[in-house]
Structures are given as C-alpha cells and as structure tokens.
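Below: one structure, written as structure tokens.
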There are 2 protein chains.
Amino acid sequence: MTMQDVAEVAGVTARTVSNVVNDYPFVKKETRARVWDAIEQLGYTMNVSARGLKQGNTRLIALAIPDLTMPYFADLSDAVIAQAQAQGMSVIIEPTASSRQREQEALHRVKSQFAEGIIYCPLEIYQEELDQLSIGAPVVVLSEPIGQPKYDHVMIKNREAARAATEYLIRGGSRRIAAIGLGAGQHRGPAAQRLLGYRDALRINGINLDRHLEITTSAWHRSDGLQAVERLCKSHIPFDGIFAFTDQIAAGVLYALQVKGFKVPDDVAVIGFDNNDESQYLVPALTTVDPGIDEIAKCAVDNLIKRMSADKRQSPRVVTSVDFKLIKRQSTRS
Amino acid sequence: MTMQDVAEVAGVTARTVSNVVNDYPFVKKETRARVWDAIEQLGYTMNVSARGLKQGNTRLIALAIPDLTMPYFADLSDAVIAQAQAQGMSVIIEPTASSRQREQEALHRVKSQFAEGIIYCPLEIYQEELDQLSIGAPVVVLSEPIGQPKYDHVMIKNREAARAATEYLIRGGSRRIAAIGLGAGQHRGPAAQRLLGYRDALRINGINLDRHLEITTSAWHRSDGLQAVERLCKSHIPFDGIFAFTDQIAAGVLYALQVKGFKVPDDVAVIGFDNNDESQYLVPALTTVDPGIDEIAKCAVDNLIKRMSADKRQSPRVVTSVDFKLIKRQSTRS
DNA sequence: TTGTAGGCGTTATCAG
DNA sequence: CTGATAACGCCTACAA
C-alpha cells in the first residue's frame, strides 16, 4: 500500500498524491478530492519511516524521568507533552526507576527509539559523568548545572526555594525544624541543594543546626515521610516544624502526625515542595513551594527544539532558571 | 554519518557493520572489535528510519489516555511502559484531555507518529463510533465492550466491582449511601456501569433508591468530590455512606467531610475506586477497589503485540476481563 | 498544475 | 565469513 497504489486509483502520479497529503497548495480542487477518495477507499496511511528517512526527522523527542507514578513527574510529563504537541512533536516517555543503569540506557537509546533529542531528569547520574557520555543527540537537562555544563539546562533555584520555605516556618514561630528527604549518602542533586537552603535559613536567623533534625530517607515517597516522623518520635527529638523536600513526603508526614495526635500547624508546622494537585486536599491543606512546572516544560521543549535545528547544534549552552513561588495554605502559621 | 562511513574506517563493507550492530553471530571477533571501534570513534548511531523503512516496523506503540496528571492514568501509563519495554517496544503517550476531538485525533495520528498500534482509553467516544472509525492500525480498547466489538478489549467488571463496594458499605451498616461521580448526561462508560452496580447492591439488599443520593460531577477530580459533599450538605440530604467513583473523588470527599466535622467512618463510611498510592495515606486511610492495573497493562500490551504481528490481524477479537479486589482500610466499618 | 528520475541509509539476496 | 547490488516508500529538483 504505497503512494503509487493510491496514485493509480486516483489516476494521477505519486507526486500528486504526495502534494495532496502534504497540503501543497497548487493542486486542483478536483484532483485533490479524487486523491482523498482513493486514500479513504484504500485505507492508505503514509509510511513515516520513508518520509523520516528522506527528510531526516521524526518529530519525536524522548523524556527520561525517574518515576511516572510520582505526581511531580506525571505533571511534568503532562506539561512536556503539551508543549511538544504545540510544536508538532510527540513524546516518548522513559521511566528510569531512579536507577543509574536505566538512566544510562535511556540516554543511549534515544536515537534507536526514533527520538531526535531528549529531555533528561537526572537523579543518579551526576553532571561530570553525564558530560562525558557521548549521546549523539541534543539533550536538555533538568537540574542545576555545575560550572560550564556540556548541555543546555533548565533549573529551579532549589537552594533559594528551600531557604524561603524554611524561613517561612521560622517566621511562623518554629525553631526546631526538621528537614526530611536527603537521600543517604547524597552530596549533590536537588535534595542536597534543598538541605543547604534549609541550613542557610537557620544560620541567617540565628538558629543552631541540629543534625538530628536532618532526616535522611531512601526515596521521596509518602512512606518515607511517614517513617521519618516515626523515627523522630521514637528518638524523642523535639520538633515544631517540618520542611519536607517533596509534597509526597509531606503527605506521609501529615498522615503520621495526625495518627500520633500532633496538631498541625499548632504543634508542628509543615511545608512541602512541588505543589502537587493533591496537596491542597490534604488535611490541613499543605503550604508548599510551586516550582513552576509549566514554565520548566516550556523552556525545556523550546530549548531542545532550538538545539535540534541543525544550525544551532554548536551555539553556546544555555542555562535557564525558572522562578518558584511560595503557596501559603493551612499547614503553617503565618 | 552512515554505515558506509563506519565501514570505510573499519576496513569492511556496510553489510558487515550491519551484522555487527545487529549481533549477527557469524562475524570474526576481531572484525567485530574493529567495527565497534570505528563506531565509537565516529560517534555513529544508526538511522532508525532507514531500518524501519526496510523492515517495516518501528517498535513503537501509542497510548491514548484522558489525563496523565490523574494518578490512575499515570499508574496505568507507567505499567504499560514497563510491559512494553519488557517486549522491546517504546511508548508514545497522548493525553486526550477528555475531549472528544482529541480522542479522535489521537486515533487518527497513530501511524503518523511512527506507532504501529495504539492502546486506547476511551472517555468521550462510544464504541459504535469507535467501531466505525477507520484507524489503519491495531487497537486495544480499555473498556467494557458492547456486543461484538471491532477491536480487542481489556476491561474490569465495573458493575460487579461497584456492587461489591456498595455492599461492603451496607454490610458496615450504611443505609443512605451517596454515589458520587456520574458525569452529567452520561448513560454509558465506566461511570454509568458503576452507578448500575451501586443500584444493584441497594436493590438486592432491599434498600430504596434515592435519586438525591446520586450526585453527578463534571469530572473525576478531587475538587469534584469536595463540591459533591458541599452540595449534599447544602440540600440537607442525610447520608451515612459514600461510594466515590474514583479515589481522587474520595480524597476530595474526605477533605470536605473533615472540614465539615463529620467523623469517618463513624458518621459516614467512605469507599473509593482505583487504589491509588495516595489513598493509603489519606486520613483515614481509604477503603477502595483495586482494579489490577498491572494486569490490565500486561493484557493490553500482549494483545496489541499479538495483533500487530501480521498473521494475527484477522484473528477473532479477544475480550479480556481482569479481576478486581476490595482493599479494606480505615474509612469504612467492617 | 503534474510527471520523471534519483537517492535518503538499511537490510536481504546472491555470490564468493 | 564478507562483498556487491537491489530494493524499501517517499520527497524534490527539474522538466513539461
């Protein structure tokens, strides 16, 4: 079933069929109609591999994220897909299960999945390593760059946002603020930045650090928040505020606090990070940091598409920073 | 940058390069090594469009869902991607925004996005219409079929599950049970089936229907659950149980009940549908129906791949039914 | 406004 | 085990 077949039925040549399906303007109305009829009649669909081969593009991009079942990444994926579709591109999603190996595979597989570029959310692969990989396709990285990165980056200011969140708790009267969500052994990446921002806030406001209030977790799930609170309680460490590194952690935290009989925000104020849709329906509704997902997605897709256009491959790397917002709800005192 | 270029550097022909990258076994070890070296050196990646053209496949499938930001569909997408990857396929996700037009577009665009088949979650397009569309690619539909469908279907027994959920509330002592989530004007689709199951349960247990307890919503979001409870309260309709058609609705319901001072499950027992991860961290943890997402995804992908293999295109349509489970938690009395 | 011819990068066929 | 050659289906100068 080729253009040739359609052409024969319509009584024209393949060239004309091509003109019709590609909306080339200078085709007689009547010819156009005959061709469309033939297409319908035969159930013809164009072979996109052939077109891709000829034109050298697929209009497909890849998006590598740690875990699609986490609301933040689902929202991000949705926003990326929307932005891409607005530019006539489709998106292949590749969850990496927060595994180093799967992240590497995702980067290497880009081309073999027909994608012309990739938006990459790193968790396990650090920038030095990333910058040494040879990927053979344009990349936009969603994280804070260090020094002169090899690829375009889109980021939010994790450290500043974390500081703003922590200071908001302090302004509400909290003095013993727990920070929940640093991964064991992590010294880099968003969680580490958020911890630094937390410490900044304490230092600037003259509050002593207490390492017992910095709770590491194995991941960023609700269960991690719940376990963190249990650990805090079990070791009898007093606390009157919690900065959860993600809203999912915060959801687990709120659950645990409720079960243990703490009043939020009176006994303990809680702030999250991500502004998931879910967070406004928690009880009490969660104060959180809105990272501006739509803006992140827009910048990422725009930059990737620019980079994909052949003439821009060598242009200087661009690092885009997206503004965050503090969303004030009922889980904190103001 | 073609195989030819690699071949010249490696001192072989393109044919040999092809054999190497495709793991054809009968290539001398030494030749193989030389070829890989050349590939590394040149940063060569195969042009998959060319291969697709030659072999007639892309190993890409599409997944059309209403909204990726809804946990159920994010979980489903994740499961479908995992299943597809296990079979060496990648997935293009197409959110249809619960819009009739976007659902149609998704179905028509399949091929033009390089996908060889599509898994389709209908919301707005009914089966008669779907069965008349000419799609030109294998389709697996995730919904209950009516009569003799044109395509393969994978379904859960919505009506039976809804009945089981409602009966569980009845067994817990609820008599005035609200059903929340039927779309305005919907007489078909999963919501309608769930309403029927709800009515079945009441009838079988000798409880009179009260249409005031059947609350329609515009969508299946948390906000819809919240508004439904407000509407119930405002019109002073007494109720002691709620069957929410999704866990997201239930989350909004629990929030509203908490705000209004109802005790769950003592004053009002609540049951949901979907078993989102979130639901076990709601306060109180939500009793719900687990539709078996992994099983659904596995059946969908398996059936689609079978259907894609040329010789199976004409085999009889298969309808797969996946079992549900009741997950009992603290939002209901037992 | 439509027809003709050639090539995009790969793999398959046939030799060797 | 490897080399040459011919498609795969489409697009685009160029020609008419």
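Each chain gets a letter, A, B and so on, in the order its sequence line appears, and its residues count up from 1.
For the pair B:Gly11 and A:Gln4, nearest-nucleotide mapping onto DNA chain D gives the more 5' position to B:Gly11.
For DNA chain D, the neighbouring residues in residues 18-39 of chain A, judged by any heavy atom under 4.0 Å, are A:Ser18, A:Asn22.
Side-chain atoms of A:Glu103 come within 3.5 Å of backbone N or O of A:Leu123 as a donor-acceptor pair.
Within the 4.5 Å cutoff, the side chain of B:Met308 has heavy atoms near those of the B:Met89 side chain. Taking 4.5 Å as the limit, some side-chain heavy atom of B:Ile125 sits within range of a side-chain heavy atom of B:Tyr120.
Each side-chain hydrogen bond (donor to acceptor under 3.5 Å, both in side chains) pair with one or both residues in residues 71-84 of chain B, not counting sequence neighbours, would appear here, but there are none. Within the structure, every pair that satisfies the salt bridge (charged side-chain N to carboxylate O under 4.0 Å, His left out) test and touches residues 137-156 of chain A, not counting sequence neighbours, is listed here: A:Asp152-A:Arg307. Within the structure, side-chain hydrogen bond (donor to acceptor under 3.5 Å, both in side chains) contacts touching residues 50-63 of chain B (residues at least two apart or in different chains) are B:Thr58-B:Glu116. Among residues at least two apart or in separate chains, salt bridge (charged side-chain N to carboxylate O under 4.0 Å, His left out) pairs with a member in residues 32-41 of chain B are B:Glu30-B:Arg34. Annotation: salt bridge (charged side-chain N to carboxylate O under 4.0 Å, His left out) contacts involving residues 117-135 of chain A, sequence neighbours excluded, comprise A:Arg100-A:Glu129, A:Glu128-A:Arg188.
Taking A:Gln186 as the reference, nothing meets the side chain to side chain donor-acceptor pair (under 3.5 Å) condition, with sequence neighbours excluded. Here B:Glu295 pairs with B:Cys299, B:Val322 under the side chain to side chain contact (heavy atoms under 4.5 Å, CB included) rule; sequence neighbours left out. Checked against side chain to side chain donor-acceptor pair (under 3.5 Å), A:Thr45 has the following partners two or more places apart in sequence or in another chain: B:Lys111.
Using modelled atom types and a 3.5 Å distance limit, the side chains of A:Asp277 and B:Thr69 yield no donor-acceptor pair.
Comparing the start and finish of the helix from C:dT1-D:dA16 to C:dG16-D:dC1, five pairs each, the helix axis swings through 30°, to the nearest 10 degrees.
No contact: B:Val48 has no heavy atom under 4.0 Å from any strand.
For the OP1/OP2 pair of D:dC10 and a distance below 4.0 Å, the side-chain nitrogens and oxygens of A:Tyr44 include at least one atom meeting the criterion.
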Pairwise N/O distances under 3.5 Å, protein to nucleotides 5-8 of chain D:
residue	atom	partner	partner atom	Å
D:dA7	N3	B:Lys54	NZ	3.1

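One finds the CG atom of A:Leu76 at 6.0 Å from the CG atom of A:Leu142 (value rounded to the nearest 0.5 Å).
Contacts between chain A and DNA chain C, taken as any atom within less than 4.0 angstrom of a protein heavy atom, begin and end at C:dT1 to C:dG9.
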